[in-house]
Amino acid sequence: MPKKVTIFTTNQCGYCGMVKKYLGIKGINYEEVNLDENPAKRQEALTISGALTVPVTVVTKEDDSREVIVGYNLSKLAPAISA
Amino acid sequence: MNQDKVYDLVVIGAGPAALTAAIYTTREDIETLLIEKGAIGGMASVTDLIDNYPGFSKGISGLELSDELSKQAERFGTKIEYDQINSIKDEGKYKLLQGEINQYRAKTVLIATGTDYKKIDVPGEKEYLSRGVHYCATCDGAFYRDKPIAVVGGGNSAVQETLFLTRYASSIDLLVRSTIKASDVLIKELQRHIDSGKVKVHLKTTINQIKGENNLVNKIEINQDGEVSDLNVDGVFIFVGLLPNTAFLKGLIDLDDRNFIKTNLNLETNLPGVFAAGDVRSGATMQIASASGEGATAALKIREYLEKK
Ligand SMILES: Cc1cc2nc3c(=O)[nH]c(=O)nc-3n(C[C@H](O)[C@H](O)[C@H](O)COP(=O)(O)OP(=O)(O)OC[C@H]3O[C@@H](n4cnc5c(N)ncnc54)[C@H](O)[C@@H]3O)c2cc1C
């Protein structure tokens, strides 16, 4: 179980919904940063992911190591939250 | 999940065609599994506003329609797995579908894998993917608030996405290879933004190269009717057409010369028990209403097929 999960999203992003749905199924709580409502956070999302896209999911593990998943990418998201 | 189980029907994809088929089959107790590699709702889920799907007089957002469709399918017992199918094998009694994560067995298969965005194959396109090069306005548009961008393409999708992006970008250069081929409603709406100065249309224009600095796009080199120049933009959104998601079917399922799936009037492919519906099918009209219609037709034909077996 990760220590913390943060997802950067926008209002109209279908793949953001998929990440939230997947975490919901797995019973994992997350914090959502909506870049439409909070445009000042765009730079933070870019710095963390190196990409101008959402969703960006930041998984902080028990040992405080961090994994950043860009886009809706189940082959990365699934192991990241189960590790 | 039990990988030995043989489903009555496995549908590859969970776009409008797949979800509609599933509503029909599960209501008739045909045990149905949908397998989706991306977003439930498919292309519809990443479309801002759908204005021409019947039953919604004020239009409906793509996300909302996708959500409603999937809830309706799940209400009747449709199951959805998140996986990508990489091959289908005919094992006689059933078809074996090899996914990235699991294997699936099915008496019948419906291929409803839709399409993906075509690339323009110019230098910089791959290098700056998601760093200034984008194929989804609803996903990435928010990063371009008050910034100059370009949109490439002249069809319905390009114009629709340009309209969506006007809410963010400071200016949009719309680069069209020949002439705009969008519906009158969209062109009328586009004209409003041309008149206000937000959108500038460049006809007979292609991109030679996408350039950048510090890992982000800052300009593009364009060719307008033989004249080459640089345009300063922070992002390029590309909508130049769609390619069918059929690479995993080559050698097994008959495709047309553009790689769309050939079917007969029952929407059945050359392989008995394997059907196709929606945008991936040769002759499809690339609309949500028609994809849903084909999903319903395929479901009824699949029921007939299963009854005969
Ligand atoms: C920008 C844009 C705007 C549009 N606007 C409108 C509009 O206003 N009105 C309208 O009627 N239509 C519109 N369309 C067209 C509409 O979105 C499509 O016609 C419709 O979504 C097609 O549905 P489908 O189910 O056939 O395929 P899709 O919606 O493409 O769904 C196919 C699904 O299959 C999945 N898939 C693919 N390969 C695999 C695999 N190997 N394994 C597992 N899953 C797989 C994909 O991830 C996808 O989710 C628009 C399209 C675009 C691009």
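Just so it is clear: chains get the letters A, B, ... in the order the sequence lines come, proteins before strands, and each one is counted from 1. Since the structure is predicted, the reported quantities are computational estimates derived from the model, not experimental observations. Reckoned from all heavy atoms, side chains included, excluding hydrogens, waters and symmetry mates.
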Visitor: Please flag which part of B:Tyr168 lies under 4.5 Å from any non-hydrogen atom of chain A: side chain, backbone, both or neither.
Guide: side chain
Visitor: Quick one: pull up CZ in B:Phe143 and CZ in A:Phe8 and give me the separation to the nearest 0.5 Å.
Guide: 8.5 Å
Visitor: Between B:Asp48, B:Asp83, B:Thr47, which shows the greatest number of heavy-atom pairs under 4.5 Å with chain A?
Guide: B:Asp48
Visitor: Heavy-atom pairs under 4.5 Å with chain A: which of B:Asn215, B:Leu63, B:Ile101 has the most?
Guide: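 Greatest number of close heavy-atom pairs with chain A: B:Leu63.
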Visitor: Name the region of B:Leu129, side chain, backbone, both or neither, that has any atom closer than 4.5 Å to a heavy atom of chain A.
Guide: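 For B:Leu129, no heavy atom lies under 4.5 Å from chain A.
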Visitor: Identify the heavy atoms of B:Tyr144 and A:Arg42 that sit nearest to each other, and give their distance.
Guide: N-NH1, 4.4 Å
Visitor: Could you tell me whether the side chain of A:Lys21 reaches within less than 4.5 Å of the side chain of B:Ile40, counting heavy atoms only?
Guide: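 The answer is yes; the side chains approach within 4.5 Å.
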Visitor: Flag the one option from A:Thr9, A:Thr10, A:Val54, A:Val19 with the top tally of heavy-atom pairs under 4.5 Å to chain B.
Guide: A:Val54
Visitor: For the pair B:Arg145 and A:Asp36, find out whether any cationic side-chain nitrogen is under 4.0 Å from an anionic carboxylate oxygen.
Guide: yes
Visitor: With a 4.5 Å heavy-atom cut-off, do A:Leu46 and B:Leu216 have their side chains touching?
Guide: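 A:Leu46 vs B:Leu216: side chains touch.
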Visitor: Can you name the closest pair of heavy atoms from B:Gly132 and A:Leu52 and give their distance?
Guide: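 Looking at all heavy atoms of both residues, the shortest contact is N-CD1, 4.0 Å.
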Visitor: Between A:Cys16, A:Gly50, A:Ser49, which residue shows the highest count of heavy-atom pairs closer than 4.5 Å to chain B?
Guide: A:Gly50
Visitor: In terms of heavy-atom proximity below 4.5 Å to chain B, should A:Asn11 be classed as side chain, backbone, both, or neither?
Guide: backbone
Visitor: For the NZ atom of B:Lys37 and the CE atom of A:Met18, what is their distance to the nearest 0.5 Å?
Guide: 12.5 Å
